[in-house]
Amino acid sequence: MRTRFAPSPTGRLHLGNLRTALFNFLLARGSGGAFLLRVEDTDAERSSDAAAALVLDDLKWLGLTWDEGPDTGGPVGPYAQSERSGIYGEYLDRLRASGHCYPCWRTDTELKAFRRKCLAAGRPPIYDREWARLPEDEVARRESAGQRPVFRFRVPDTGALESEDCIRGRQSFALADIGDFVLQRSDGTPAFFFGNALDDALMSVTHVLRGEDHLSNTPRQILLLDALGLPVPVYGHLPLLLGEDGRPMSKRRGSAGMGEFRAAGLFPEAVANYAARLGHAFESGDLMTLDELARHFSLDKVGRAPARYDPIQLEHWQGLAVQAASDPRLASWAGESAFRDVPDGMRERFLGLVRPNVHRPADVAGWAEILFGRGPAFSAEVEAVLADAGPEFFRAALEGLESGDHGLAAITGAVKRRLGVKGRALFRPLRLALTGAESGPELAPILEILPDETVRSRLGRWV
RNA sequence: GCUCCCUUCGUCUAGUGGUAAGGACUCCGGCCUCUCACGCCGGCAACAGGGGUUCGAAUCCCCUAGGGAGCGCCA
């Protein structure tokens, strides 16, 4: 089994592409097959090397390593379409020779007008073959005049094409609904249908998982490959991904992209585990490695209904990833600067203390600052609660602190004896005085990790 | 406009003629604890609507509604 991911480097990966890449990766890895990467950079206008580099970097970050690709090479390269123009020319000639394609000189503006007219007349905008039967000498005349045509594939106008989608089952398309599509642009570069299908065949790709938006493109590619006598891969169409609002994900806007995910400090396994469950059902609700995901990935567990991006669920996987990360990894995730205020030798204890309370690197830095740096910040509400607890509360707390082992029990014991408060009334003011926050790491270890001096001053402030 | 696809708790989903319609996230309650968070346990909550077929439909068929995609010298 050979699968591939074929991004066009026109921007950063978003959740949709990422999930397509992931599913192809999981399918290949789960079957012991190969996963290849092919860059579809034939649109010079929109593609850039910088974007390509970012895409590769994002894939690596996720852990989706490829067996063959533009950087690693492989037996059926090159793996960037911009380097394969000779191949496309060769196969286009074959199609021309066999009568499967023809040049078309219709201009862009003529085409647009034609489409408008069709739509207005209530007809599908299917190309009308105006140029399909141009006499030989006229073709020759135009070519020698240096006018560059596009080349269109001649689609049979009757009959139906059946194919088996490995996710949706049997599909049937009426050929009459399919117009003669462009194989080669007038600048000589291959159009998507051509380059994409041809490369899959030439690279011996056996399975293609792609977005549902390609579903109605499938018959074109099959027709093309059949005309060339090349093997047709098994196609499977993944349900669409919708934005938070249930509308299609906008290409430009939206926060569901790799740029945002990485900048936010998400763990790659959090992103992968979340994406893996968008349109695929796994039995386990545990955080899994890519290998484990691959082992449990199955085409018949892929869904057909569109899924909605839900950042709350992504956050759940991030929480699991934080809990599962090793100490060193968590530390490097938090970043060196997060520990600026943490005394030497305290890092591990500190990290263990805050781990259950953080989802982002900034959360770690935030706790470091509260505990060891600038100290807690008090909102008006918090100050009110603290004032309400009263000076007597904190005098007792300080007494307790000095009397015992400087631990939590000594403090709470003293306050309880003096004021008779317990439960929330006892713990909330202490937590607030020490951290300024209503929730956070456990109090006992906080007291152990904080210098006596600090505790004294934080409690003393409210006396 | 034409062709195709999709529709189970708020969200992600299990389910392929007989289930009390299951799980996860969110939310709520309890426990850990004399506090909050973490964790654990429990609870609320769904078959888009209408017709068939069948002893029996979430599951099969038809229609309706809603959503989406494609019909590009974009991929």
Side-chain angles (χ1 to χ4, degrees), chain A residues 6-8 10 17 40-43 45-47 104 106-108 111-112 115 118-127 148-152 165 168 171-174 176-179 181-193 195-196 210-220 237 239-240 242 244 246-248 251 274 277-286 300-301 303-317 319 322-323 354-358 408-409 412-413 416 421-432 435 437-443:
Chain A
S8 61
T10 56
N17 310 317
E40 305 212 329
D41 53 354
T42 61
D43 182 357
E45 289 282 301
R46 303 199 309 153
S47 301
C104 166
R106 178 106 91 183
T107 66
D108 207 21
L111 212 47
K112 283 198 173 109
R115 282 173 54 82
C118 287
L119 259 4
R123 283 196 318 271
I126 293 174
Y127 179 66
R148 304 294 311 272
V150 302
F151 284 88
R152 288 181 183 272
D165 186 297
R168 280 154 207 275
Q171 307 287 315
S172 176
F173 307 88
D177 295 333
I178 303 173
F181 54 92
V182 173
L183 294 174
Q184 189 182 78
R185 305 182 186 116
S186 53
D187 66 1
T189 58
F192 167 75
F193 295 116
N196 183 263
R210 57 194 342 190
E212 191 195 297
D213 46 335
H214 290 288
L215 190 60
S216 21
N217 294 161
T218 307
R220 288 169 235 271
H237 291 90
L240 244 39
L242 307 176
E244 286 185 67
R247 311 285 310 163
K251 309 240 175 204
Y274 175 61
R277 286 165 173 87
L278 253 21
H280 187 285
F282 289 89
E283 270 184 41
S284 166
D286 296 338
D300 45 54
K301 288 192 198 133
R304 288 151 299 276
R308 186 187 290 229
Y309 168 59
D310 181 0
I312 306 233
Q313 279 178 78
L314 174 55
E315 208 56 48
H316 166 72
W317 295 105
V322 170
Q323 297 319 310
V354 300
R355 182 195 283 268
N357 294 278
V358 297
L408 181 64
T412 56
K416 231 154 85 173
V421 292
K422 58 176 181 175
R424 186 170 161 80
L426 170 61
F427 282 84
R428 190 180 178 208
L430 284 177
R431 173 176 290 288
L432 289 176
T435 69
E438 296 276 8
S439 74
E442 293 193 58
L443 274 183

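What you see is a predicted model, and the numbers here were worked out from it, not measured in a lab. Lettering of chains follows the sequences in order, A, B, ..., and the numbering in each one begins at 1. The basis for the numbers below is simple: all heavy atoms, side chains too, and nothing from hydrogens, waters or symmetry mates.
- Taking atom P in both G72(B) and G15(B), one finds a spacing of 38 Å when rounded to whole Å.
- For Arg277(A), there are no salt bridge (Lys or Arg N to Asp or Glu O under 4.0 Å) partners two or more places apart in sequence or in a different chain.
- Remark: A65(B) base-pairs with U7(B). Criterion, Watson-Crick or G-U wobble with two distances under 3.5 Å.
- Pairing partner, G1(B): C71(B), with both Watson-Crick or wobble hydrogen-bond distances short of 3.5 Å.
- Taking atom P in both C62(B) and C5(B), one finds a spacing of 11 Å when rounded to whole Å.
- Within a 6.0 Å sphere centred on NZ of Lys301(A), other residues, nucleotides and ligands contribute more than 12 heavy atoms.
- Separation of the C1' atoms belonging to U7(B) and A58(B) is 12 Å when rounded to the nearest angstrom.
- If you take atom P in A48(B) and the same atom in A14(B), they sit 14 Å apart, rounded to whole Å.
- His214(A) comes within 4.0 angstrom of a nucleotide base, judged by non-hydrogen atoms across all strands.
- Nearest heavy atoms, Trp317(A) versus Asp286(A): CZ3-O, 3.6 Å.
- Looking at heavy-atom distances under 4.0 Å, Phe193(A) makes contact with a base.
- Note on Ser8(A): only backbone sugar-phosphate atoms sit closer than 4.0 angstrom, heavy atoms only; bases stay farther off.
- Scored by the side-chain contact (heavy atoms from CB on, under 4.5 Å) test, Leu432(A) finds Val382(A), Val385(A), Leu386(A), Arg428(A), Glu438(A) as partners (sequence neighbours excluded).
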Please produce a list of atom pairs where a protein N or O lies less than 3.5 Å from an N or O of nucleotides 3-10 of chain B.
from, atom 1, to, atom 2, distance (Å)
C5(B), O3', Arg168(A), NH1, 3.4
C5(B), O2', Arg168(A), NH1, 2.5

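- Using a 4.0 Å heavy-atom distance criterion, Thr412(A) is classed as a base contact.
- Counting any heavy atom pair closer than 4.0 Å across all strands shown, Val182(A) reaches sugar-phosphate atoms only and no base atom.
- Nearest to the side-chain atoms of Asp213(A) among the listed nucleotides C74(B), U35(B), G70(B) stands G70(B).
- Within 4.0 Å (heavy atoms only), Gly211(A) reaches no atom of the nucleic acid at all.
- Using N1 to N3 plus N6-O4 or O6-N4 for Watson-Crick, or N1-O2 and O6-N3 for G-U wobble, each under 3.5 Å, C36(B) pairs with nothing.
- Counting to the nearest Å, the P atom of U11(B) and the CH2 atom of Trp317(A) are 19 Å from each other.
- Side-chain nitrogen and oxygen atoms of Arg152(A) include at least one within less than 4.0 Å of the OP1 or OP2 phosphate oxygen of C73(B).
- Distance Tyr274(A) OH to C12(B) P: 8 Å, rounded to the nearest Å.
- When all heavy atoms of Ser216(A) and Phe173(A) are compared, the closest pair comes out as CA-CE2, 4.2 Å.
- Checking C36(B), U13(B), A69(B) against every side-chain atom of Arg424(A), the shortest atom distance belongs to C36(B).
- Nearest to the side-chain atoms of Arg431(A) among the listed nucleotides C12(B), A69(B), U35(B) stands U35(B).
- Contact annotation for Arg148(A): no contact, since no heavy-atom pair falls under 4.0 Å across all strands.
- By the side-chain contact (heavy atoms from CB on, under 4.5 Å) test, His316(A) pairs with Leu320(A), sequence neighbours left out.
- Annotation: C63(B) and G70(B) have their C1' atoms spaced 25 Å apart (nearest Å).
- Checked against salt bridge (Lys or Arg N to Asp or Glu O under 4.0 Å), Arg424(A) has no partners two or more places apart in sequence or in another chain.
- Every residue two or more places apart in sequence or in another chain was checked for a salt bridge (Lys or Arg N to Asp or Glu O under 4.0 Å) with Arg304(A), and none qualifies.
- Remark: Glu212(A) pairs with Arg168(A), Leu240(A) by the side-chain contact (heavy atoms from CB on, under 4.5 Å) rule, at least two apart or across chains.
- Taking atom C1' in both C27(B) and C9(B), one finds a spacing of 13 Å when rounded to whole Å.
- With both ends at atom C1', the span from G66(B) to C25(B) equals 26 Å, rounded to whole Å.
- For the P atoms, the distance from U59(B) to G50(B) is 12 Å, rounded to whole Å.
- Using a 4.0 Å heavy-atom criterion, one finds that Arg210(A) contacts no nucleic acid atom at all.
- Side-chain contact between Arg148(A) and Asp187(A): absent, with no pair of heavy atoms (C-beta onward) separated by less than 4.5 Å.
- In this structure, G43(B) forms a base pair with C27(B), meeting either the Watson-Crick or the G-U wobble geometry with both donor-acceptor distances under 3.5 Å.
- Under the salt bridge (Lys or Arg N to Asp or Glu O under 4.0 Å) criterion, Asp310(A) pairs with no residue at all, not counting sequence neighbours.
- Note on Asn217(A): a base of the nucleic acid sits closer than 4.0 angstrom, heavy atoms only.
- Counting heavy atoms from C-beta on, the side chains of Pro7(A) and Asn17(A) never come closer than 4.5 Å.
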List, with names and distances, any nitrogen or oxygen atoms from the protein found under 3.5 Å away from nitrogen or oxygen atoms belonging to nucleotides 37-40 of chain B.
from, atom 1, to, atom 2, distance (Å)
A37(B), O2', Asn357(A), OD1, 3.2

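- Base-pair partner of U19(B): not found among the strands shown (Watson-Crick or G-U wobble, both distances under 3.5 Å).
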